[in-house]
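What follows is a short report on a single structure.
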Number of protein chains: 2
Amino acid sequence: MAIPGTDELQLLHEQICQAVGDVKRIQILYALHDQPRHVSALADLLEMSQPTVSRHLAVLRERALVVAERNGAAVVYRLADSRLIDVLNLMRQLLRDTLERRANMMS
Amino acid sequence: MAIPGTDELQLLHEQICQAVGDVKRIQILYALHDQPRHVSALADLLEMSQPTVSRHLAVLRERALVVAERNGAAVVYRLADSRLIDVLNLMRQLLRDTLERRANMMS
DNA sequence: TAGATGTATACAGATATGCGAATAGGTGGA
DNA sequence: TCCACCTATTCGCATATCTGTATACATCTA
């Protein structure tokens, strides 16, 4: 199987990998998958400051991974594509198996 | 659906997300999926310096995402679990659709 | 329009990450 | 053992990313 081109991998990195490259953004993504929420609801739920949440949402929004919709003074965010959660869940499964394999090698 | 615990997401970030958080590591992973290769073969193929390749391989090795096997003076690396490529390919598909959706919104 | 509420952004400092250059470590052949 | 080759690591620097604080911007209500 051929190796994907550098340009595509560069895009993949910038648009997707980098977006999930922060724990707080991963938390936000799961919280939005649970249900759409507005900024301060996320801040309360995840115990982050409002500016921190807002900046992380901006990162996700710029990559079109979340969608913002204004509702009065509040802005409600939702996931643009739930397959992003599929990706994260696949990673979690891989993590579990990898940790197990690593544990077996130690023993 | 419940939101995964903070500890698990922290692990996910450190062990998987961070590992794919660099373009060169992504290139290395695809090159190893194509076939096992030793360090300097990767350096030649991907046009990176030998120390750069070695450092990136160390990152992947510490997380048990690649496996090293010595072959004479050379060290051959291979993917520990090809599902990591599944994850990356799923991201690529998501990227394609996301870019398309974003392009449609512009027009 | 003034005030309250909710969200986004600017700034500065701290931390993390990646790289080139140099060097140390490991392996096999002469 | 000496040497050539391959790989791993160290050091110093440059760059990127994240955060709290402060503040600007947006919206609604009275």
Side-chain angles (χ1 to χ4, degrees), chain A residues 6 9-29 31-32 35-80, chain B residues 6 9-29 31-32 35-80:
Chain A
T6 305
L9 295 187
Q10 180 66 38
L11 259 181
L12 178 65
H13 171 249
E14 289 171 358
Q15 301 296 317
I16 311 285
C17 294
Q18 202 157 280
V20 299
D22 184 283
V23 192
K24 296 189 177 179
R25 281 197 289 272
I26 298 175
Q27 288 183 269
I28 289 173
L29 290 170
L32 293 182
Q35 63 179 73
R37 299 173 196 269
H38 60 275
V39 178
S40 49
L42 285 169
D44 290 347
L45 176 68
L46 304 175
E47 296 180 312
M48 305 175 194
S49 75
Q50 177 270 318
T52 291
V53 172
S54 188
R55 272 191 306 260
H56 284 305
L57 285 169
V59 170
L60 299 171
R61 198 179 55 229
E62 289 162 4
R63 290 161 175 74
L65 300 176
V66 300
V67 176
E69 184 177 358
R70 183 169 284 280
N71 185 346
V75 177
V76 177
Y77 283 83
R78 61 177 174 81
L79 279 189
Chain B
T6 305
L9 295 188
Q10 179 67 40
L11 259 181
L12 178 65
H13 170 250
E14 289 171 359
Q15 301 296 317
I16 310 286
C17 294
Q18 202 158 281
V20 298
D22 184 283
V23 192
K24 297 191 178 180
R25 281 197 290 271
I26 298 175
Q27 288 183 270
I28 288 173
L29 289 170
L32 293 182
Q35 64 179 72
R37 298 173 196 268
H38 59 275
V39 179
S40 50
L42 285 169
D44 289 346
L45 176 68
L46 304 174
E47 296 180 312
M48 306 175 193
S49 74
Q50 177 271 318
T52 290
V53 172
S54 187
R55 271 191 308 260
H56 284 305
L57 285 170
V59 170
L60 299 171
R61 198 179 56 227
E62 289 161 6
R63 289 161 176 75
L65 300 176
V66 300
V67 176
E69 184 178 357
R70 183 168 283 281
N71 185 346
V75 177
V76 177
Y77 282 83
R78 61 178 175 81
L79 279 190

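The chains referred to below are lettered A, B, ... by the order of the sequence lines, with proteins before strands, and numbering in each begins at 1.
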**Asked** Once you round it to whole Å, what is the distance between P of dT17(C) and CD of E62(B)?
**Response** 11 Å
**For atom CG of L57(A) and atom P of dT19(D), their distance in whole Å** = 12 Å
**Asked** Atom CD of Q50(B) to atom P of dA8(D): distance rounded to whole Å?
**Response** 7 Å
**Prompt:** What is the distance, rounded to the nearest whole Å, between atom NE2 of H56(A) and atom C1' of dA16(D)?
**Reply:** 14 Å
**Prompt:** Counting side-chain heavy atoms from C-beta on, which of dT9(D), dC18(D), dT27(C) comes nearest to A58(B)?
**Reply:** dT9(D)
**Prompt:** R37(A) side chain to A43(A) main-chain N or O, any donor-acceptor pair under 3.5 Å?
**Reply:** no
**Prompt:** When you measure from the side chain of P51(B), which nucleotide among dG18(C), dA21(C), dT7(C) comes out closest?
**Reply:** dA21(C)
**Selection from dC18(D), dA8(D), dT19(D) that lies nearest to any side-chain heavy atom of R61(B)** = dA8(D)
**Asked** Within a strict 4.5 Å, meaning less than it, do heavy atoms of the L29(A) and V20(A) side chains meet?
**Response** yes
**Item:** Residue closer to the 5' end of DNA chain D, A74(A) versus G21(A) (nearest nucleotide)
**Value:** G21(A)
**Message:** Treating R61(A) as the side-chain partner and A64(A) as the backbone partner, does any N or O pair qualify as donor plus acceptor under 3.5 Å?
**Reply:** no
**Asked** For the pair made of CG in N71(A) and P in dT27(D), what is the distance, rounded to whole Å?
**Response** 12 Å
**Message:** Of the options dG20(D), dG18(C), dT9(C), whose atoms approach the side-chain atoms of S49(A) most closely?
**Reply:** dG20(D)
**Request:** Measure the shortest side-chain to side-chain distance between V75(A) and H38(A) over non-hydrogen atoms and say whether it is less than 4.5 angstrom.
**Result:** no
**Message:** Would the distance check show the side chain of R25(A) and the main-chain N or O of A19(A) forming a donor-acceptor pair, the cut-off being under 3.5 Å?
**Reply:** yes
**Item:** Proximity to the side chain of Y77(B) - top-ranked nucleotide from dA8(D), dT7(C), dA21(C)
**Value:** dA8(D)
**Item:** Whole-Å distance separating the CD atom of E47(A) from the P atom of dG20(D)
**Value:** 13 Å
**Any R25(A) side-chain nitrogen or oxygen under 4.0 Å from OP1 or OP2 of dC18(D)** = yes
**Message:** Counting only side-chain nitrogens and oxygens, does R70(A) get under 4.0 Å of the OP1 or OP2 atom of dT27(D)?
**Reply:** yes
**Item:** Closest nucleotide among dG18(C), dT7(D), dT19(D) to the K24(A) side chain
**Value:** dT19(D)
**Asked** Which nucleotide in the set dC19(C), dG18(C), dT7(C) lies at the smallest distance from any side-chain heavy atom of D22(B)?
**Response** dG18(C)
**Message:** The side chain of V75(A) is closest to which nucleotide in this list: dT5(C), dA8(C), dA8(D)?
**Reply:** dA8(C)
**Prompt:** Which listed nucleotide (dT7(D), dT9(C), dG20(C)) is nearest to the side chain of S54(B)?
**Reply:** dT7(D)
**Asked** Mind checking whether I16(B) and L65(B) have side chains closer than 4.5 Å, heavy atoms only?
**Response** yes
**hbond_proxy R55(A) side chain to dT17(D) base (donor-acceptor, 3.5 Å cutoff)** = no
**Item:** Protein-nucleotide distance (E69(A), atom CD; dA8(C), atom P), rounded to Å
**Value:** 13 Å
**Prompt:** What is the nucleic acid contact for S40(A), judged by heavy atoms within less than 4.0 Å: base, sugar-phosphate only, or nothing?
**Reply:** sugar-phosphate
**Request:** Take the protein atom CD of Q18(A) and the nucleotide atom P of dT15(D), then report the distance between them rounded to whole Å.
**Result:** 17 Å
**Request:** Name the residue closer to the 5' end of DNA chain D, choosing between T52(A) and A73(B) according to the nucleotide with the nearest heavy atom.
**Result:** A73(B)
